[in-house]
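These numbers were taken from a predicted model, which means no experiment stands behind them.
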Amino acid sequence: MNEREIKSISKFLSLLLRHQPDLIGLKLDENGWADVAELIQKSKRKGKHFSIEKLEEVVATNDKKRFSFNEDQTKIRANQGHSLKTIDLKLEAIQPPEYLYHGTVPKFMQSIREKGLQKMSRQHVHLSQDIETATKVGSRRGVPTILTVRSGAMHVAGYKFYQSKNGVWLTDHVPAKFIDK
Ligand code: HQG
């Protein structure tokens with residue numbers, strides 16, 4: 001498959017598995033899993049044709065490891081990034097590193113200084129392990145501003161942190177007092 005085709009399928013999967021399974025009448029279970037055969041069949045009805053082999057290639061080559069299969073490859077889900085409120089990925093709270101990073105853009109800064117980092121439309125605030133990754137995340141919206149989150153101090157204060165299967169750090173809210181610019 002060429003890169004364009006892979007990206008197009010990946011974007012379609014993100015839309016279905018994180019945000020709008022209803023678009024094709026797909027069912028996700030409470031942990032976010034969709035049946036692979038059902039996904040392929042219902043996508044086809046909407047004019048999106050891909051085989052199980054193509055799906056495997058998309059999952060394996062995805063730049064951010066956005067999707068996972070279950071053990072016998074009958075189910076697939078997105079590793080993070082959901083806006084669907086009903087999906088519970090059953091992530092376990094773990095100890096974060098001393099600092100995590102968040103890439104944003106200047107126009108959001110006044111609001112972030114007042115309210116801290118909020119999850120906005122997603123289930124969690126997304127944080128990066130390193131500045132390079134945060135820079136990529138921020139660059140999606142313009143010239144990035146990189147914030148340092150004192151995650152170690154937040155952990156001590158009782159805030160919970162989770163790490164998705166593809167390495168993204170997640171938390172519910174970062175109060176402004178734990179953010180260093
Ligand atoms: C901002 C992509 C105003 C926040 C990326 C961000 C990531 C506030 C935007 C993943 C705010 C939300 C997540 C506040 C936060 N006032 N703005 N109080 N608090 N914001 O897309 O972190 O390709 O939901 O700074 O690579 O940008 O989808 O979050 O700019 O890993 O796999 O509100 O999405 O991954 O935007 O990105 P998002 P994000 P995928």
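By the ring-ring contact (aromatic ring centres under 6.0 Å, His included) test, Y101 pairs with no residue at all, sequence neighbours left out. Not counting sequence neighbours, the partners of N62 by the side-chain contact (heavy atoms from CB on, under 4.5 Å) test are S10, K64, R66, F67. The side-chain hydrogen bond (donor to acceptor under 3.5 Å, both in side chains) check on E98 picks up nothing, with sequence neighbours excluded. For H124, the ring-ring contact (aromatic ring centres under 6.0 Å, His included) criterion is met by Y162, not counting sequence neighbours.
Counting only residues at least two apart or on different chains, no salt bridge (charged side-chain N to carboxylate O under 4.0 Å, His left out) pair has a member in residues 70-81. Screening residues 145-155 for salt bridge (charged side-chain N to carboxylate O under 4.0 Å, His left out) gives R150-D180 as the qualifying pairs, with residues at least two apart or on separate chains. For residues 43-62, the pairs satisfying salt bridge (charged side-chain N to carboxylate O under 4.0 Å, His left out) are E5-K54, with sequence neighbours left out. Within the structure, the salt bridge (charged side-chain N to carboxylate O under 4.0 Å, His left out) test picks out no pair touching residues 151-167 (sequence neighbours left out). Evaluation of the ring-ring contact (aromatic ring centres under 6.0 Å, His included) test over residues 42-61, restricted to residues two or more places apart or in two chains, returns none.
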If you look only at distance, which donor and acceptor atoms sit under 3.5 Å apart when one is on a side chain in residues 30-39 and the other is two or more places apart or in another chain?
| from | atom 1 | to | atom 2 | distance (Å) |
| --- | --- | --- | --- | --- |
| N31 | ND2 | D88 | O | 3.0 |
| D35 | OD2 | A37 | N | 3.3 |
| D35 | OD2 | E38 | N | 3.0 |
| E38 | OE2 | K27 | N | 3.3 |
| E38 | OE2 | K42 | NZ | 2.9 |

For residues 104-122, which side-chain N or O atoms pair as donor and acceptor with protein atoms under 3.5 Å away, sequence neighbours left out?
| from | atom 1 | to | atom 2 | distance (Å) |
| --- | --- | --- | --- | --- |
| Q110 | NE2 | E114 | OE2 | 3.4 |
| R122 | NH1 | G81 | O | 3.4 |

Name every donor-acceptor pair, under 3.5 Å, that has one atom in a side chain of residues 132-145 and the other anywhere in the protein, sequence neighbours excluded.
| from | atom 1 | to | atom 2 | distance (Å) |
| --- | --- | --- | --- | --- |
| T133 | OG1 | D130 | OD1 | 2.7 |
| T133 | OG1 | D130 | OD2 | 3.3 |
| T135 | OG1 | I131 | O | 2.7 |
| S139 | OG | T135 | O | 2.6 |
| R140 | NH1 | V137 | O | 3.2 |

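In terms of heavy atoms, S43 sits closest to F12 at OG-CE2, 3.4 Å. The nearest pair of heavy atoms linking L127 to V174 is CD1-CG2, 4.3 Å.
Annotation for K85: atom NZ counts as buried by contact number, over 12 foreign heavy atoms lying within 6.0 Å.
Residues N79 and S164 bring no donor and acceptor atom of their side chains to less than 3.5 Å of each other.
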